[in-house]
Undergrad: 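Encoded as structure tokens, here's the structure I'll be asking about.
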Amino acid sequence: MSSVLIIATVGCVVANGFIAIADYAKAPFVLANSAEVRLPPAAVPYLATAKLLGAAGLLLGLLGVPRVGLAAGIGLTAFFVGAVVAHVRARVFHNIAFPCGYLLLAVAGTGFFVGEV
């Protein structure tokens with residue numbers, strides 16, 4: 001089970017790194033999705049920073065600082081719970097699979113570090 005959680009944690013690091021870059025680059029799909037859930041465009045870079053810091057924290061956890069990894073996993077889990085809630089409140093269901101997928105990766109990353117701390 002541990003190897004599955006390690007793979008999921010690495011996947012979470014990579015996925016959040018890529019989406020943070022897309023957020024910073026103001027990719028059209030990011031801006032369209034943000035508008036659908038009524039998120040102001042000015043908030044996107046701040047959320048990108050949160051994703052990037054979460055990914056960095058998970059990476060630090062994998063490199064030997066499990067408490068940082070656990071904190072990052074909890075933070076990303078809370079972040080993506082908020083993203084799912086934002087989609088539900090705005091009744092945007094056609095792409096809710098994306099924040100749900102990120103949420104599952106964050107939960108798996110958190111789960112890996114629960115056993116390590």
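What you see is a predicted model, and the numbers here were worked out from it, not measured in a lab.
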Undergrad: I need the minimum non-hydrogen distance between P41 and P45, along with the two atoms involved.
TA: O-CD, 3.6 Å

Undergrad: What are the two closest non-hydrogen atoms of S34 and V44, and how far apart are they?
TA: OG-CG2, 3.6 Å

Undergrad: Indicate yes or no: at least one non-hydrogen side-chain atom of F79 is less than 4.5 angstrom from one of N16.
TA: no

Undergrad: Can you hop from V84 to F29 via hydrophobic side chains spaced under 4.5 Å?
TA: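 V84 and F29: one cluster.
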
Undergrad: Working to the nearest 0.5 Å, report the span between CG of D23 and NZ of K51.
TA: 3.5 Å

Undergrad: I'd like to check T9 versus F113 (side-chain heavy atoms, cut-off strictly below 4.5 Å). Are they in contact?
TA: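 Answer yes - side chains close enough.
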
Undergrad: Would you name the heavy atoms of V37 and A90 that are closest together and state the gap between them?
TA: CA-CB, 3.8 Å

Undergrad: Does the side chain of F93 come within less than 4.5 Å of V88's, by heavy atoms?
TA: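 Yes, at least one pair of side-chain atoms sits under 4.5 Å.
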
Undergrad: Find out whether F80 and V107 are in side-chain contact, i.e. whether some heavy atom of one side chain is under 4.5 Å from a heavy atom of the other.
TA: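 Side chain of F80 against side chain of V107, heavy atoms only: no contact under 4.5 Å found.
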
Undergrad: Are F112 and L62 close enough that some pair of their side-chain heavy atoms sits under 4.5 Å apart?
TA: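 They are in contact (side-chain heavy atoms under 4.5 Å apart), so the answer is yes.
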
Undergrad: Between H87 and E36, is any side-chain donor less than 3.5 angstrom from a side-chain acceptor?
TA: no

Undergrad: Measure across G17 and A55 and return the closest heavy-atom pair with its distance rounded to 0.1 Å.
TA: N-CB, 4.3 Å

Undergrad: How many angstroms lie between atom CG of L47 and atom CG of L39, to the nearest 0.5 angstrom?
TA: 5.5 Å

Undergrad: Verify the cluster assignment for I6 and L76: are they in a single hydrophobic cluster under the rule of side-chain heavy atoms below 4.5 Å apart?
TA: yes

Undergrad: Check whether more than 12 heavy atoms from other residues, nucleotides or ligands sit under 6.0 Å from atom OH of Y46, and answer yes or no.
TA: no

Undergrad: Hey, what do you get for CG (L59) to SG (C12), rounding to the nearest 0.5 Å?
TA: 11.5 Å

Undergrad: Between A8 and L105, which heavy-atom pair has the shortest distance, and what is it?
TA: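 A8 and L105 have their closest heavy atoms at O-CD2, 3.7 Å.
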
Undergrad: Considering non-hydrogen atoms only, spot the tightest contact between T77 and L103 and give its length.
TA: O-CD1, 3.5 Å

Undergrad: Going through the distances and angles, do L58 and V68 end up as a side-chain contact (heavy atoms from CB on, under 4.5 Å)?
TA: CA-CA 7 Å; L58 287 176; V68 172; over 6 Å; no

Undergrad: A side-chain contact here means heavy atoms from C-beta on lying under 4.5 Å apart; do Y24 and L52 qualify?
TA: yes

Undergrad: Shared ILVMFWY cluster between I74 and L60, side chains joined below 4.5 angstrom?
TA: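 Different clusters.
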
Undergrad: According to a hydrophobic-cluster definition based on side-chain heavy atoms being under 4.5 Å apart (Ile, Leu, Val, Met, Phe, Trp, Tyr only), do I19 and I96 belong together?
TA: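 Result: yes, single cluster for both.
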
Undergrad: Do L70 and L104 sit in the same hydrophobic cluster, where Ile, Leu, Val, Met, Phe, Trp and Tyr count as joined when their side-chain heavy atoms come under 4.5 Å apart?
TA: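 Cluster IDs for L70 and L104 differ.
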
Undergrad: Going by heavy atoms in the side chains, are V92 and N95 under 4.5 Å from each other?
TA: yes

